[in-house]
Amino acid sequence: MHLRINTLLNQPPTGEKVEVAGWIRTRRDTGGFSFLEVNDGSCLANIQVIADKDLVNYEQDIKRLTTGCSVRIEGTLQASPAKGQAVELLAGRVEVVGWADPETYPLQKKRHSFEFLREITHLRPRTNALGAVARVRSRLSFAVHTFFQKRGFIQVHTPIITTSDCEGAGEMFQVSTTRPHGGAGKAEAAEEFFGRRAGLTVSGQLQAEVYALAMGDVYTFGPTFRAENSNTSRHLAEFWMIEPEMAFCDLRGNMRLAEEMLKYCLTDVMDNCAEDMELFDRFIEKGLLEKLRGVTGQDFAHITYTEAVERLQGCGKTFEFAVQWGIDLQSEHERYLSEEVYKRPLIVTDYPAAIKPFYMRVNDDGKTVAAMDILVPGIGEIVGGSQREERYDVLEARMRAAGIDPAEYSWYLDLRRYGSVPHAGFGLGFERLVQFVTGMANIREVIPFPRTPGFAPC
Ligand code: 4AD
Ligand code: MG
């Protein structure tokens with residue numbers, strides 16, 4: 001059985017026989033032997049393998065090894081004289097498992113642009129940067145679950161196919177059988193697979209609320225889909241969202257949870273992915289670790305939407321989108337506030353009711369809702385959440401005002417009819433979190449298989 005390279009590199013050089021399996025990064029020949037750099041994806045570092053010319057297949061195989069070939073190597077772990085590594089492997093047997101034709105293998109030993117790597121999504125995890133992203137993403141996912149599970153939150157698997165459009169922004173992908181919707185051949189409701197129009201979920205929130213109103217603290221963490229035609233560095237058509245929902249909780253408790261959760265995840269990943277994080281700090285975003293330590297080490301700033309508008313209007317800066325009370329804050333406004341004014345994460349609360357979805361709780365002023373967005377430097381909005389409208393009549397009126405038929409959401413209204421309680425929750429865009437943590441400029445690099453308008457290669 002082979003061992004993972006990350007385990008081996010942390011072992012003392014016992015002189016024991018071990019086996020590794022991975023892909024060749026480079027081969028370098030000297031007089032009597034070859035150095036092979038082998039990587040198996042378990043960590044950023046390669047293990048250096050010394051393959052002596054006396055090995056039976058040295059001329060026939062080992063000297064033909066090129067970047068990308070897969071190998072299985074048995075050898076003894078010994079102290080390495082080279083600097084930067086404690087141990088190396090003295091090969092006793094090198095088996096070539098799969099060749100990689102150097103004429104056509106696209107990942108040669110030079111730096112490739114991320115744009116180029118996107119064209120070979122199926123090979124890019126073999127690079128240092130994308131491998132590091134994959135490991136950090138995995139660790140962050142683990143940290144999210146650990147954070148909630150430690151606090152007694154119950155995970156709910158909310159549906160991927162749904163008939164409710166939570167955000168009501170008209171971005172739902174339709175789910176249908178082969179018969180097309182609309183135009184000629186328009187499918188009658190009765191012919192729909194689910195008996196009515198269905199789509200891919202834009203958020204698991206409404207269903208998470210169902211469970212929160214039975215079980216208290218719950219969370220859902222799954223894929224969400226938005227047919228947003230925005231080709232930006234922060235939008236995907238398929239992304240993952242973490243959505244906690246808490247019964248007997250108001251906006252204040254919601255904000256506290258979000259801040260604690262973000263800090264927990266950042267600390268966890270700095271503690272457990274140190275080598276990968278150093279790579280990002282050196283090559284992707286200089287000062288990244290300092291930025292993240294700054295976030296964990298101080299309180300988030302708080303400001304209301306109304307104060308934010310005043311601040312933006314009074315700052316003397318000209319924005320592409322003019323600022324006035326009632327507009328939805330644009331990314332340029334959000335970034336200005338978090339990057340230039342506060343220089344740290346910022347929670348903006350109490351947005352105008354007119355620009356937020358029907359489910360957010362109306363404040364006493366009748367004009368604003370108990371909403372909160374968390375804005376972070378470099379990204380803008382990373383979290384969107386709110387206290388939910390728990391009053392039946394107010395909710396029903398908000399639905400009608402938003403053009404939603406309350407009859408279609410009778411199950412959601414039932415939660416307010418029977419044992420309603422104040423409750424709140426938020427959605428954290430997982431890719432935006434990975435982007436913030438790794439410093440990657442484009443969101444397409446932090447999800448294994450990005451989906452954007454016109455792009456879904458495999
Ligand atoms: O602000 P949003 O739309 O909030 C909701 O969906 C609520 N139902 C969440 C809740 O209260 N349970 O989305 C939440 C977060 C955003 O702050 C952003 O981080 C991310 O999801 N997000 C996207 N990430 C990548 N690509 C997109 N197209 C995204 N749209 C939203
Ligand atoms: Mg939002």
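Since the model is a prediction, treat every value here as computed from it, not as a measurement. Just follow the structure's listing: the first ligand is 1, and inside any ligand the first atom is 1.
- A donor-acceptor distance shorter than 3.5 angstrom exists from the side chain of Glu243 to the backbone of Gly204, with no hydrogens or angles considered.
- Scanning the protein for heavy atoms near atom 26 (N) of ligand 1, the closest one is Leu236 N, 3.0 Å.
- Under the rule for a side-chain contact (heavy atoms from CB on, under 4.5 Å), the partners of Glu396 that lie at least two apart in sequence or sit in another chain are Tyr392, Arg400, Pro406, Leu413.
- Contacts of Tyr359 with ligand 1, taken as heavy-atom pairs under 4.0 Å, involve the side chain alone.
- Nearest protein neighbour of atom 4 (O) of ligand 1, counting heavy atoms only, is Glu167 OE1, 3.9 Å.
- Regarding atom 22 (N) of ligand 1, its nearest protein heavy-atom neighbour is Phe239 CE1, 3.5 Å.
- Counting the atoms of ligand 1 from 1 in the order shown, those under 4.0 Å from a heavy atom of Cys166 are 8 (N).
- For Phe358 and Tyr409, the ring centers sit closer than 6.0 Å to each other.
- Only the side chain of Arg388 comes within contact range of ligand 1, with a heavy atom under 4.0 Å; no backbone atom does.
- Residues Arg311 and Val341 meet the side-chain proximity criterion, which asks for heavy atoms closer than 4.5 Å.
- Judged by the 6.0 Å distance and 45° axis criteria, Lys291 is positioned over the aromatic ring of Phe436.
- The one candidate from Asp350, Asn363, Thr306 that meets the side chain to side chain donor-acceptor pair (under 3.5 Å) condition with Thr368 is Asn363.
- Regarding atom 3 (O) of ligand 1, its nearest protein heavy-atom neighbour is Arg226 NH1, 2.8 Å.
- Among all heavy-atom pairs drawn from Ala198 and Ile161, the shortest one is CB-CG2, 4.1 Å.
- At least one N or O atom of Gly429, backbone or side chain, sits closer than 3.5 Å to an N or O atom of ligand 1.
- Taking the six-membered ring for Trp and thresholds of 30 and 60 degrees, Phe147 and Tyr264 have ring planes inclined between 30 and 60 degrees apart.
- The nearest heavy-atom contact from the protein to atom 17 (O) of ligand 1 is Glu381 OE2, 2.6 Å.
- Only the backbone of Val383 comes within 4.0 Å of ligand 1, judged by heavy-atom distances.
- Looking at atom 28 (N) of ligand 1, its nearest protein heavy atom turns out to be Glu228 OE1, 2.7 Å.
- Within the listing of ligand 1, atoms 6 (O), 8 (N) sit less than 4.0 angstrom from a heavy atom of Ser203.
- Listed by chain and number, the protein atoms of type N/O/S under 2.8 Å from the Mg ion (ligand 2) are Glu381 OE2; waters are omitted.
- Taking every heavy atom of Gly385 and a limit of under 4.0 angstrom, the matching atoms of ligand 1 come to 11 (O).
- When hydrogens are left out, the protein atom nearest atom 18 (C) of ligand 1 is Arg432 NH1, 3.5 Å; that is the closest non-hydrogen contact.
- Ligand-side atoms of ligand 1 in range of Arg234: 25 (C), 26 (N), range being under 4.0 angstrom from any heavy atom.
- Between Glu243 and ligand 1, at least one N/O pair is under 3.5 Å apart.
- Under the 3.5 Å distance criterion, with hydrogens and angles disregarded, no donor-acceptor pair is assigned to the side chains of Arg4 and Asn6.
- Looking only at atom types and distance, the side chain of Glu209 has a donor-acceptor partner in the side chain of Gln205 under 3.5 Å away.
- Atom 19 (O) of ligand 1 has Ile382 O, 2.8 Å as its closest protein atom, hydrogens excluded (heavy atom only).
- Every residue two or more places apart in sequence or in another chain was checked for a salt bridge (charged side-chain N to carboxylate O under 4.0 Å, His left out) with Arg226, and none qualifies.
- Outside the 6.0 Å centre-distance limit, the rings of Phe173 and Phe225 are not counted as a close aromatic pair.
- Not close to ligand 1: Glu431, with no non-hydrogen atom less than 4.0 angstrom away.
- When ring centroids are compared, His145 and Phe221 come within the 6.0 Å threshold.
- Under the rule for a salt bridge (charged side-chain N to carboxylate O under 4.0 Å, His left out), Arg25 has no partner lying at least two apart in sequence or in another chain.
- Taking each of Ala208, Ala424, Pro450, Gly427 in turn, the one with a heavy atom nearest to atom 15 (C) of ligand 1 proves to be Gly427.
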